[in-house]
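Remarks on the structure that follows.
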Amino acid sequence: MEKQYNPSTVEERTYRRWLERRYFHADESSPKPAYSIVIPPPNVTGVLHMGHALNNAIQDILIRHRRMKGFEVMWMPGTDHAGIATQNVVERRLAKEKKNRHAMGREAFVNEVWKWKEEYHATITTQLKKLGSSCDWDRERFTMDDGLSAAVRKVFVELYNEGLIYRGKYIINWCPRCRTALSDEEAEHKELNGKLYHLKYPYEDGSGHVVVATTRPETMLGDVAVAVNPADERYAAVKNKKIALPLTGRSIPFIEDGFVDREFGTGAVKVTTAHDPNDFQMGLRHNLEPVVVMDEGALMAGEIPEKYKGMDRFECRKTLVADLEAAGLVEKIDEHNHSVGHCYRCQTVVEPYYSDQWFVKMKPLAEPALAAAVNDEVRFYPARWKKTYIDWMENIRDWCISRQIWWGHQIPVWYCGCGEIIVSEETPQTCKKCSSTALTQDSDVLDTWFSSWLWPFSTMGWPEDNDFMKKFYPTDTLATAPEILFFWVARMIMAGYRFTGKLPFTDVILHGTVRDKTGRKMSKSLGNIIDPLEVIPVYGADALRFSMIMITAQGSDVFLGKDTFDIGRNFANKLWNASRFLLGNIKDGAIQGTLPPIDRMKAEDKWILSKLQRVIKDMDSAISAYRFNEACHTIYDFTWHEFCDWYVEAKKADFYQDGDPQRKSDALSLCGYVLASILKLLHPLMPFITEEIWAHLREKMTFDGLIDAESIMLAKYPEPEPSLINESVESDFDLLKNCIVALRTIRSENNIPPDKTGTAVIIPADRESEAWLVSQTATINLFAKLSETTVSVDAQKPGFAGSAVVKGNQLFLCLEGLIDKNVEIERLTKEVARLKSIADSAKARLESESFISRAPADIVEKEKEKYQGILVNLEKTEKALAMIYIRE
RNA sequence: GGGCGUUUAGCUCAGCUGGUAUAGAGCACCUGCCUUACAAGCAGGGGGUCGUAGGUUCGAAUCCUACAUCGCCCACCA
């Protein structure tokens with residue numbers, strides 16, 4: 001084994017081997033219980049980023065953990081066609097070659113996108129593999145695969161036949177740059193500093209004007225009325241007048257509608273039914289014919305003055321306001337902040353647009369999905385997302401699913417010249433009504449999420465009820481980002497209930513967003529990307545995963561900086577070196593490891609085994625509760641600060657001493673036992689290095705029931721062994737450690753060089769401690785660099801020495817001429833002050849009548865013991881301090 | 001406008017059901033060490049009135065209320 005762990009060669013070789021041996025393959029005929037996850041399919045638009053790294057690390061931890069726990073696990077990988085996003089990037093690329101999709105035609109363009117898809121799909125799956133993801137690659141799916149496309153069509157037809165899918169002319173969110181409709185969720189609202197324009201609309205009879213307020217004055221060209229609240233008396237006298245709409249001369253009426261807020265603006269609202277969702281609703285109530293004044297690129301169009309035709313909406317706003325001002329028709333312009341929808345793909349300001357679209361009626365679908373959350377059948381981690389989910393479900397609105405793009409699932413609807421509409425899973429050849437063969441398919445495609453919402457079962461072959469689906473559906477855990485709670489998670493739950501009758505997963509992990517150290521989202525435009533593909537070759541995928549998971553509490557955002565990955569890399573290296581050291585002590589071939597009988601175990605052996613059992617329990621519960629950071633801390637602390645710092649150090653005595661082969665082989669077996677357990681516990685978090693060390697370990701040691709598989713992936717996850725938990729050994733060991741630390745502190749504070757050995761005298765608090773510490777003098781000497789330690793309740797206090805008190809045990813470090821009086825006086829004085837303040841607060845508490853009478857008896861008892869203990873330490877420390885002064 | 005969350009060491013954050021003699025970790029900092037697994041390391045140390053003000057409680061970083069702060073999500077304020 002090399003002196004430093006080198007992840008890049010190990011990781012590549014190891015992953016290849018896993019693939020070759022088909023360890024990731026899920027077997028639907030396995031008798032083991034199933035555990036399954038479907039990947040949130042990455043878009044084929046891009047490359048892997050840190051968000052994917054986090055998301056997939058979490059899933060892989062769960063999958064590897066359950067696999068080792070004896071489940072038949074299935075992790076379904078795949079990618080998403082990401083309609084608008086992918087079409088956009090391909091169009092941009094074509095634009096560079098001076099091509100555009102309209103010139104190419106639909107078929108050629110879609111072929112072009114497929115080529116792109118192949119390329120990027122390959123890239124992103126390669127990248128997922130670099131992270132160590134143990135997906136079942138044999139099952140990989142793409143949202144536009146034949147099977148998934150068939151599922152999409154089936155679902156569309158079913159919902160249509162039930163009346164849950166309908167088509168109609170409504171105001172929808174429109175992106176004029178992508179030239180497509182968007183769902184409400186795809187319009188991101190952002191607060192903008194805008195203006196509120198107060199415009200004067202003159203009455204036709206010349207008797208004055210009404211003032212209306214608007215943030216989008218250009219839409220006035222499409223006004224069809226002015227609305228006031230029926231109870232608003234200010235307008236009672238004028239509401240029968242006709243208004244001459246400026247710049248157009250069109251005559252428009254007043255209407256009365258309860259929607260109008262009397263307090264806002266002037267209480268009179270211009271009504272633009274074709275360009276505003278509220279106005280549209282009013283238009284329906286008052287039978288107003290929409291007047292469209294913009295085209296699909298948001299350029300001014302229609303029955304409007306020539307001057308404005310073809311003008312961009314924002315350009316028109318400026319020109320038109322100037323024109324109105326010139327005509328004296330602008331009363332005032334106020335500053336006004338309001339939130340404006342932006343296209344979630346290209347950030348263009350969306351325009352409410354009146355057009356023919358397809359919708360899904362959501363209320364009936366939402367009912368069981370809402371109940372599932374209310375009844376905790378589906379659980380969110382962290383739980384606070386439950387409320388957000390419920391709020392959305394309770395106020396759900398219909399889903400606009402048609403998109404005016406080409407890349408995606410074309411809507412399975414055909415139109416015949418005779419007016420017949422055919423909605424069918426298969427492409428129809430003739431019209432049922434008139435037998436015409438001249439059928440035209442609806443040119444729109446479906447929203448990307450219309451295929452994603454079927455993902456948990458469409459990927460498994462639904463609607464076919466096959467063995468694979470029987471085994472692995474419903475899945476167990478879904479890990480994703482809260483950004484797509486509504487887009488995806490909620491809709492999957494709805495689709496799961498509607499089409500399979502089952503909740504598609506029971507646990508939803510909503511992890512945070514990856515940000516830079518200043519809290520900004522990582523994005524190309526900000527230039528603050530930390531690219532996982534640059535991190536992995538340097539630090540290793542293990543370090544990347546472990547570091548990210550360790551520093552992030554459940555559901556909180558991940559803040560990454562340049563040095564973040566040191567944590568994982570250093571830890572991997574520490575583990576590597578400890579393993580190298582232990583295995584290096586096995587000189588000749590492989591040994592047969594076995595736990596020595598209890599009477600041959602030394603105190604530190606019982607201690608580390610006891611600690612290990614707790615760690616096993618804690619790891620398992622942390623991972624089961626999706627508290628991955630706690631799992632990392634648990635194994636990190638145990639490995640580094642208990643196993644390496646204390647146990648392996650203590651075992652050196654056994655390794656270095658010649659002459660007792662039994663002692664050495666016991667020590668090696670025990671170290672092997674603990675190391676193998678650490679590797680198993682750590683494997684889901686750091687898959688590569690644990691597999692590599694496992695291989696080295698297997699070369700050197702066999703161990704029945706422990707080193708139990710050729711790959712650690714297939715090894716059995718440790719189970720806690722209650723008989724090995726030994727609380728009294730643990731507390732004895734705590735005392736020992738505290739004594740050693742106290743002696744080291746005296747050395748260090750007095751600047752005693754490491755090569756100066758000294759002697760120690762320990763006067764224990766009682767016979768029990770005496771017996772324990774007497775048995776540990778060799779360990780004390782080793783750890784505190786002493787030549788001799790005398791432990792006896794009858795021991796004489798030495799002359800001038802450094803001293804400390806640990807739980808009533810008095811320690812003296814004797815080093816002739818090297819202990820500094822002033823240092824000791826300062827140390828002990830501080831210690832006395834500290835103990836006094838603790839004693840005072842304990843005393844005050846014990847003297848409080850209410851504490852004694854109201855606190856639980858065991859707490860009171862503990863407090864008493866604590867107080868007595870402190871008094872003993874205080875007294876002994878004070879005496880030691882006094883002795884120094886006496887000797888002065 | 002509604003909802004959710006954050007505020008703990010110089011920095012980034014843990015701290016779950018209120019009670020552990022000193023509120024933890026990593027990084028940074030100070031001191032001493034290249035001690036034959038590891039300088040990506042070892043040993044030791046300094047550093048905190050847990051955002052503010054009230055309240056509940058024998059006891060509050062932890063529960064409640066208000067305020068402040070920063071952030072996120074939702075919303076048809078024209």
Side-chain angles (χ1 to χ4, degrees), chain A residues 1 3-5 171 189 196 212-216 227 259-261 263-266 268-272 276-281 336-339 352 382 384-385 387-388 391-392 395 482-483 485-486 513 517 519 547 550-557 559 561 563-564 566-567 569-585 625 627 629-630 633 636-637 644-645 648-649 652 656 741 744-749 751-755 783-785 807 834-835 837-839 841-842 845 848-856 858-860 862-863 865-867 869-870 873:
Chain A
M1 292 173 77
K3 191 169 172 184
Q4 278 193 1
Y5 175 61
I171 295 270
H189 288 266
L196 188 61
V212 296
T214 179
T215 53
R216 295 184 296 148
F259 167 79
V260 179
D261 178 359
E263 306 302 316
F264 191 91
T266 59
V269 189
K270 60 190 272 311
V271 179
T272 322
D276 183 279
N278 295 313
D279 295 4
F280 176 74
Q281 291 301 326
H336 182 68
N337 292 343
H338 59 143
S339 85
R384 68 182 121 92
W385 290 105
K387 196 168 158 31
T388 310
D391 285 349
W392 189 72
N395 299 300
E483 285 109 82
L485 181 62
F486 306 138
T513 306
K517 284 267 170 174
S547 307
M550 178 152 165
I551 62 167
T552 309
Q554 186 180 77
S556 60
D557 286 347
F559 298 91
D563 54 357
T564 299
D566 290 352
I567 303 167
R569 180 197 55 181
N570 294 357
F571 180 52
N573 200 46
K574 183 76 184 176
L575 178 68
W576 180 258
N577 274 299
S579 307
R580 184 166 67 95
F581 169 67
L582 295 173
L583 298 178
N585 272 291
R627 306 171 74 96
N629 61 326
E630 286 181 12
H633 277 107
Y636 181 97
D637 288 342
C644 291
D645 288 352
V648 174
E649 287 303 319
K652 280 180 178 173
Y656 291 154
V741 168
R744 283 170 165 177
T745 304
I746 298 169
R747 290 190 71 106
S748 184
E749 300 267 295
N751 281 316
I752 295 164
D755 56 337
F783 278 79
K785 293 196 192 304
K807 287 229 167 175
R834 189 181 70 84
L835 291 170
S837 91
I838 297 165
S841 70
R845 201 169 303 170
S848 149
E849 181 55 37
S850 52
F851 175 71
I852 300 293
S853 59
R854 299 201 194 195
D858 58 321
I859 296 289
V860 175
K862 253 192 212 166
E863 194 64 26
E865 279 171 29
K866 169 177 139 187
Y867 182 56
I870 289 289
N873 275 23

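A note on names: the letters A, B, ... follow the listed sequences, proteins ahead of strands, and every chain is numbered from 1.
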The dot-bracket string of RNA chain B, counting Watson-Crick and G-U wobble pairs with both distances under 3.5 Å, using [ ] for crossing pairs and | for pairs to another strand, is (((((.(..((((.....[....)))).(((((.......))))).....(((((..]....)))))).)))))....

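Considering only residues two or more places apart in sequence or on other chains, Lys866(A) meets the salt bridge (charged side-chain N to carboxylate O under 4.0 Å, His left out) condition with Glu863(A). Applying the side chain to side chain contact (heavy atoms under 4.5 Å, CB included) test to Ser837(A) and every residue at least two apart in sequence or in another chain returns nothing. In this view, Asn585(A) and Phe581(A), Phe655(A), Lys664(A), Leu668(A) satisfy the side chain to side chain contact (heavy atoms under 4.5 Å, CB included) rule, not counting sequence neighbours. A search for side chain to side chain contact (heavy atoms under 4.5 Å, CB included) contacts involving Arg216(A) returns Thr214(A), Glu218(A), Thr219(A), Asp276(A), Arg317(A), Glu351(A), Pro352(A), not counting sequence neighbours. Legend: residues meeting side-chain hydrogen bond (donor to acceptor under 3.5 Å, both in side chains) with Asp645(A), ordered by chain and number and at least two apart, are His641(A). Scanning for ring pair (Phe, Tyr, Trp, His ring centres under 6.0 Å) contacts around Trp385(A) gives an empty result, with sequence neighbours left out. Residues passing the side-chain hydrogen bond (donor to acceptor under 3.5 Å, both in side chains) test with Thr513(A), sequence neighbours excluded: Glu483(A).
For Lys785(A), counting side-chain heavy atoms from C-beta on, the closest listed nucleotide (A78(B), G5(B), U35(B)) is U35(B). Across C58(B), C27(B), A21(B), the shortest atom-to-atom separation from the side chain of Asp563(A) is found for C27(B).
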In B/S/- notation (B base, S sugar-phosphate only, - none; protein heavy atoms under 4.0 Å), nucleotides 36-46 of chain B written 5' to 3' is -BBSBSSSSS-

Once base and sugar-phosphate atoms are separated, protein heavy atoms under 4.0 Å mark nucleotides 9-15 of chain B, 5' to 3', with B, S and - as ----SSS

Restricting to nitrogen or oxygen on both sides, can you table the protein-nucleotides 59-64 of chain B pairs closer than 3.5 Å?
none

Could you list, one pair per line, each protein nitrogen or oxygen that sits under 3.5 Å from a nitrogen or oxygen of nucleotides 73-75 of chain B, together with the distance?
| residue | atom | partner | partner atom | Å |
| --- | --- | --- | --- | --- |
| A75(B) | OP1 | Arg397(A) | NH2 | 3.1 |

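Atom C1' of nucleotide G3(B) and atom CG of Asn395(A) are separated by 12 Å, given to the nearest angstrom.
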